[in-house]
Amino acid sequence: MQTGKVYENRKIVITGIFLLVGLIFIARLVYVQMIEKKYVLSATNNVLRYEVQYPARGLVYDRNGELLVYNEAAYDLMVIPRLVKNIDTLEFCSLMGISKDEFETQLKKVIKYSRHKASVFIEQISKEDYGFIEEQLYKYPGFYVQSRTLRKYPKPIAAHTLGYIGEVSPREISEDAYYRQGDYIGKSGIEKAYEDELCGKKGLKISMVDVFNRVKGEYMDGLYDTVAVSGNDLYLTIDAELQAYGEQLMQNKRGSIVAIQPETGEILALISSPAYNPNLLIGRVRSKNYKALSEDTLIPLFNRALLAMYPPGSTFKVLGALIGQQEGVLTEKTTYPCAGESALPIKCSHTHNSPLALVESIEQSCNPYYWNVFRSIIDNPKYGSTREAFEKWRDYLESFNLGITFNTDLLVERGGNVPRPEYYDKYFGKNVWRAMTIRSLSIGQGELLVTPMQLANMTATIANKGFYIAPHILKAVIKDGEKVPATFEKHITMVEPKYFDPVIEGMRRVYSGEHGTARWYAPDSIQMCGKTGTVQNPHGENHSVFVAFAPADNPKIAISVIVENGGYGSVYGAPIATLMMEKYLLGDFKKPWFEKKMFETNLLAGN
Amino acid sequence: MRSRNNILKNIDWWTILIWVALVLLGWISIYAAIYDEEHSSIFDMSQKYGKQLLWIGTAVLLALITLFTDYKFFPTFSFIIYVLMIGLLAGVLVFGKEIAGSKSWFQIGSFSLQPAEFAKFATNLAVAKYLSGLNINLKKPKTLFKVFLIIAIPSGLIFLQNDTGSALVYTAFIFVFYREGMTGGILIIALVTVFLFLLALLVNKFIVIVGLALIAVLLILVIRHTTRNIAVILGFLLLTSGFVYSVDYAFQNVLEPHHRTRINVLLGKESDIHGAGYNVHQSLIAIGSGGFSGKGFLKGTQTKFNFVPEQSTDFIYCTVGEEWGFIGSSMVVVLFLILLSRLIYLAERQRSTFSRVYGYGVASIIFFHFAVNIAMTLGLFPVIGIPLPFFSYGGSSLWGFTILLFIFLKLDSSRVNIL
């Protein structure tokens, strides 16, 4: 081939380019290695120490600016085993307040992890000891102090909602490389839901240290240091005073209270009882206390408000009334007879006049009435089959957020259970079942399950006459000094506003009517609306359930209360709900006769 | 028997010597880079340096296999090997595992294989085969286009893997084409393009365009005033200005943020010390602190070293710089220059076009890696993931380069047989 000879001279160009690049490199090396001083570290083999500057975690306030969570400085004693040489162990141990055995065990443990990576030797030296220890540390090469922040709770409330922080796990590191081992991350509650807002940004301080691990100065006068950026503060929707009051009311009982501001979906109080003191889960004592809490048979770590599922019982009747009207099979004037204890197929647990109309049926919580309403919804000739009507009924429930989750910042929640047609097919046979078969749904029993949060939201929806804003905990974030409010989705249900009026009137009469199931608790100054529920419990005493909102016109608070094993809804549910609403609306109020009783009742004794 | 004697007599021992030197120095450097007191044996298989020994051993095997393959095998099967590699490159996009943002690996058990490393010699074979055909004239656009396609396909597939560095390697073939007759103008255009590109990023685009305009005016004043000349000069001014403008536009609006940051860091516009600038800054500290004679073997400060990421692969040169100083780091540069010069010398003495083209391909590919990798560590080029041949840790890389090199050694040792 002739191309070989013709262009042979080009080899010179190519070789020339190669050599030129090589020369550029050599010149650059001369510059970097021998001329430019900034890359050459001191001849005494100075080492750079990279000290992470941990930012202050964002603070958390309640809706009125009351401080719920703040930070406290803590100091960890760090060690790099490789650098630990010739220290006076006895003196060291007495300085730190540990025994020689503890020293050796800990050192062995740390060496096993790594000889030349820094590890925590003693966690969280107290503020008082820190200053004194720091002064003496130069005597002990290899040891130094790293400062951290811990969370502190001025009031021991809202533990479930606030959550806690802990050391980041390997999996969390792999998901987000920002975190290094030893960093803290929110593990539950608000700490976790808003981790990105709260955690801020780590800074870096580069110091030059000599062979004895003494700091000789800032590297490049701090040119490459970055300042830590504090996390953003949060304002929660929670009302601290109301929350504290509710926790006090629920002491020594199992159950929950959920209070929502209907207009905005803001959660005013989220109480699960038994609760625990959030200060138990900070710092050194956390793993020990967590273990104890998780082994407690009363499961205080379990957030009942969001996770416990109960049949709604009679509180469900309000939905029955709404759906019936919207479907056109029920009006205010519709009456049904009630034979009391001997009624069939569902007996009534109350004795009242018969027949009764819609409003009274709510006031007096009549079972047979709602069996009839349910039957007329399911047997509605408008639908070709029971299945079709049932699916429509299901859709209504889902539009009130039953059977599904809210997916806001609650993080862990359950969606309750609204049975599907397939479930009944499997159990009874395909399309064999009728309204009669599934009649327990009409009175909020059977397979129907809701969480206290869902009940509160349903009540807020009624207070709003047909819509709800997804319930949430975050009110606003402080970004760059500006209070940025959080926004959440508005949902409109399948029932028109006009159908809510009779239901609301019925609920009003629960307090103010002659036969209202909560009439003993009606306060003088506020018109309240409510609905009792007595949820059957196969394992023991029935659960006392009550939902309510107030004031009747222009409602400011909607609430659900569940007291496990409390018996009738009117015994515990109603008084607790009433007290909560009065507390929120009036602030300071004349204590009704039943407040003391609620505080002192202990339903756990004998467990 | 006869073929074996031929090999031993005709093989270029100098190249093999340099190959051995680079591989061993690389191995020692990896040991120093990752040195862990708790695993202090260089043969410790749980550490990268132990594993590298495994790769070296198998590379030697591959080298031997290559040398004992009949030399005619390579030209004959060039295109088949090439097509197979293309298949693997496409396959890894579907079946591959994603590591550090690039989907470039096949995972077989605990083994990872990177087809991009093997595609280099396969493409080289294909290019050599094509250019050794009858009546191939690189001055003809159609021929140039076809050979460009041969390198564009693997490059494109690798680019889809999100491994920009390895995709860019194929631009090295421009040296091969230049040697085989491509218009010199294209090489100049390529170099000027790179220069203008860096300039457009470094300096405000208006200043650059004004500068170009000044050059144009100067040229017009100096040369013969024919309409044609002026038109040509103005044409170039328009073209280059347009290029500068579009580079700036692409940089601001098309390039991904982390690429932008890397380039800005490189050009000194940003000193993102803890993000993209981190690697480069740490690298320069490491190399710079080596001074003239270095800190000594294993005496590179470990704490600091945990902060040079990828210190056993992309940034392996740092270890040399820190521990062996200027003496060591310039020695490595010199070694590579000797290797490259030797390869060109060998390529020129080939009788067949195929072998010569292939030889230039080997030199060009190795040059590209050498130039970009070391430039990266010295803060002269943006950080893109490219290994230092024979030096950096990695089985696929070592195997790929070894095969690349030894195919040529085989061809060279059989050159007397070719008429």
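Within every chain, numbering begins at 1; the chains are lettered A, B, ... in the order of the sequence lines, protein sequences first and strands thereafter. Keep in mind it's a predicted model, so treat the numbers as computed, not measured.
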Which portion of B/Tyr360 sits near chain A, non-hydrogen atoms under 4.5 angstrom
side chain
Shorter than 4.5 Å, heavy atoms on both sides: which option in B/Ser364, B/Gly325, B/Ser341 has the most such pairs with chain A?
B/Gly325
Is a donor on one side and an acceptor on the other found under 3.5 Å between the side chain of A/Gln33 and the backbone of B/Gly321?
yes
Could you tell me whether B/Arg179 sits above the aromatic face of A/Tyr7, with NZ or CZ closer than 6.0 angstrom to the six-membered ring centre and within 45 degrees of the axis?
no
Where on B/Ile374 is there a heavy atom nearer than 4.5 Å to chain A: the side chain, the backbone, both, or neither?
both
Chain A contacts, top residue of B/Ser330, B/Ser329, B/Ala347 (heavy-atom pairs, under 4.5 Å)
B/Ser329
Whatever's closer than 4.5 Å to a heavy atom in chain A on B/Leu378 counts as both
Side chain A/Asn232, main chain A/Lys479, donor-acceptor under 3.5 Å
no
Relative to the ring of A/Phe143, is the ring of A/Tyr140 parallel (under 30°), tilted (30 to 60°) or perpendicular (over 60°)?
perpendicular
Mind checking whether B/Phe408 and B/Tyr358 have parallel, tilted or perpendicular rings, split at 30° and 60°?
tilted
Residue part contacting chain B, namely of A/Val13, when any heavy atom lies under 4.5 Å
side chain
Ranking B/Phe175, B/Phe292, B/Tyr178 by heavy-atom pairs under 4.5 Å to chain A gives rank one to B/Tyr178
Counting only N and O atoms by type, is there a donor-acceptor contact under 3.5 Å from the side chain of A/Lys192 to the main-chain atoms of A/Ile165?
no
